[in-house]
Amino acid sequence: MVGKWEKLVSAEGSCELDVCPDLVCLTSDAISRTAFGSNYEEGERIFKLQQEQIQLLMQALQSVYIPGGRFLPTKINNRMKEVEREVRAIIKGLIHKRENAMKAGEAANDDLLGILLDSNLREIKEDGGSKTVGMSMDDVIEECKVFYFAGQETTSNTLSWTMVLLAQHQNWQSRAREEVLSIFGNNKPDFDSLNRLKVVTIILYEVLRLYPPGTILTRSTQKETKLGNLTLPAGVQLAMPTILVHHDPEFWGDDAKDFKPERFAEGVSKATKNQVSYLPFGWGPRICMGQNFALNEAKLAITMILQRFWFELSPSYAHAPAPSPTLRPQHGAHLILHKM
Ligand code: HEM
């Protein structure tokens, strides 16, 4: 991606572009490689189908609710089923290919799919080949679907908002670049030194506070549950709007809506005064399992961008955060990139 941008700026010294599509490709490629040992091109069909699924779901949610309507053979329902079948078939193909390679002793199990299948096979073997332990093919497919979806959109949106906010707040862009250059110079960033990025880290925390990709957390009660003064019966759907908590002056002060990374200077607990008011990655036993991966990926990408370019908002940028379904800049992130 940075190579492509370097070519674009090389002629005039600067160029204008919507950075969102390239950031989507970057994060898609990262999750395809690390989770499935493939690349963006191989995962592309799955990403496209999952995008279509989301659009169909949004359309369905916006139409009049008819009880049992999801079982009717409407155009949307039929297409949803077709898309789901195709996603499952592609993932099943990936799993079979990997299982066969593992049986033939060929596969390197250092990606998520390899680790998942390897531990599953071991568990079944240890139990004497019983089919009652381990994950079923359906379970493995569902896990893969979550990783393809959760591992891509969230991080690309975080990177898009980070670039927009750093374009709006040049002082923070300069501070972040100074830090990056003092740690890495113009060298390729190494994984171990990413921990030394303090300014970049607080910038990312503040971006995730103002623009959490998941704007709502949902849960459902499995049994009668006491919540404060409320007693909820089993089967109640609960929605907790993360974005409202993140923007609430009661938790964050009168400057809750402002971009102020310094509020995280002494860590998340100090910034939240130990209250549960910062939940970009959710909370509790279902907290995001990719949060460290996502933060490291974002730090790596921002480092490589800051080493090569400075950027500002383009006059054609229109600020329109839209939860569809993750919080994204609806009309893209149009920036002007300048060669350093
Ligand atoms: C900035 C990027 C990301 C954000 C903001 C984010 C946010 C979230 C949130 C809010 C949840 C729901 C947690 C809850 O209900 O309490 C979640 C779940 C999940 N995320 Fe992420 N995520 C990000 C990146 C990733 C990445 C890169 C991966 C994979 C490598 C990933 C994998 C998952 C998985 C597997 C779950 C489901 C966990 C479960 O249900 O047990 N996420 N994420």
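As the structure is a prediction and not an experimental result, all values here were calculated from the model. In each ligand, atom 1 is the first atom listed, and ligand 1 is the first ligand listed.
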Cation over ring face, Arg209 and Trp252, 6.0 Å, 45°
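Verdict for Trp252: a cation-pi partner in Arg209.
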Return the residue, atom name and 0.1 Å-rounded distance of the protein heavy atom closest to [atom].
atom: atom 30 (C) of ligand 1; result: Ile31 CD1, 3.5 Å
atom: atom 10 (C) of ligand 1; result: Pro280 O, 3.4 Å
atom: atom 38 (C) of ligand 1; result: Arg286 O, 3.8 Å
atom: atom 1 (C) of ligand 1; result: Thr158 OG1, 3.3 Å
atom: atom 36 (C) of ligand 1; result: Val146 CG1, 4.2 Å

Please output the side-chain donor-acceptor pairs of residues 274-294 that fall under 3.5 Å, not counting sequence neighbours, one pair per line with the distance.
| from | atom 1 | to | atom 2 | distance (Å) |
| --- | --- | --- | --- | --- |
| Gln275 | NE2 | Thr272 | O | 3.3 |
| Tyr278 | OH | Tyr205 | O | 2.6 |

Ion pair Glu82/Arg79, N-O distance below 4.0 Å:
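Yes, Glu82 and Arg79 are salt-bridged.
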Could you tell me whether Glu179 and Arg175 make a salt bridge, using a distance below 4.0 angstrom between a side-chain N and a carboxylate O?
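Result for this pair is no, no salt bridge flagged.
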Can Trp5 be reached from Leu306 by stepping across I, L, V, M, F, W or Y side chains whose heavy atoms are under 4.5 Å apart?
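Yes, Leu306 and Trp5 fall within the same hydrophobic cluster.
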Under 3.5 Å, is there a donor-acceptor pair between the side chain of Asp18 and the main chain of Gly332?
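No, Asp18 side chain to Gly332 backbone: no donor-acceptor pair under 3.5 Å.
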Where the side chain of Lys198 meets the backbone of Asn195, is there a donor-acceptor pair that is under 3.5 Å apart?
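Flag set: sc Lys198 to bb Asn195 pair under 3.5 Å.
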2.8 Å shell around atom 21 (Fe) of ligand 1, exclusive bound, protein N/O/S atoms:
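Counting protein N, O and S atoms closer than 2.8 Å to atom 21 (Fe) of ligand 1 gives 1.
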Is the ring centre of Phe47 less than 6.0 Å from the ring centre of Phe149?
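When the ring centroids of Phe47 and Phe149 are compared, they turn out to be at least 6.0 Å apart.
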Between His319 and Trp161, is the ring centre distance below 6.0 Å?
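Distance test on ring centres: under 6.0 Å, yes.
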Separation between NZ of Lys273 and CZ of Phe251, rounded to the nearest 0.5 Å:
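One finds 10.5 Å between NZ of Lys273 and CZ of Phe251.
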Check each heavy atom of Thr218 against ligand 1 and say whether those closer than 4.0 Å belong to the side chain, the backbone, both or neither.
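Thr218 to ligand 1: no contact under 4.0 Å from either part.
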Side chain, backbone, both or neither: which part of Trp283 has a heavy atom under 4.0 Å from ligand 1?
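The part of Trp283 near ligand 1 is the backbone, not the side chain.
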Within-shell test, Pro213 vs ligand 1, heavy atom, strictly < 4.0 Å
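For ligand 1, residue contact (heavy atoms, under 4.0 Å) with Pro213 is present.
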Would you call Arg219 a ligand 1 contact, heavy-atom distance under 4.0 Å?
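Yes, Arg219 has a heavy atom closer than 4.0 Å to ligand 1.
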Give the numbers and elements of all ligand 1 atoms closer than 4.0 Å to a heavy atom of [X].
X: Phe147; result: 29 (C), 30 (C), 35 (C)
X: Phe293; result: 27 (C), 30 (C)
X: Leu217; result: 10 (C), 14 (C), 15 (O), 16 (O)

Check Gln168, His338, Gln173, Gln170 against Glu312 for a side-chain hydrogen bond (donor to acceptor under 3.5 Å, both in side chains) and give me the one that passes.
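The single option meeting the side-chain hydrogen bond (donor to acceptor under 3.5 Å, both in side chains) with Glu312 is His338.
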Does atom NZ (Lys81) have a neighbourhood of more than 12 heavy atoms from anything else shown, all under 6.0 Å?
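Atom NZ in Lys81 is crowded, with more than 12 foreign heavy atoms closer than 6.0 Å.
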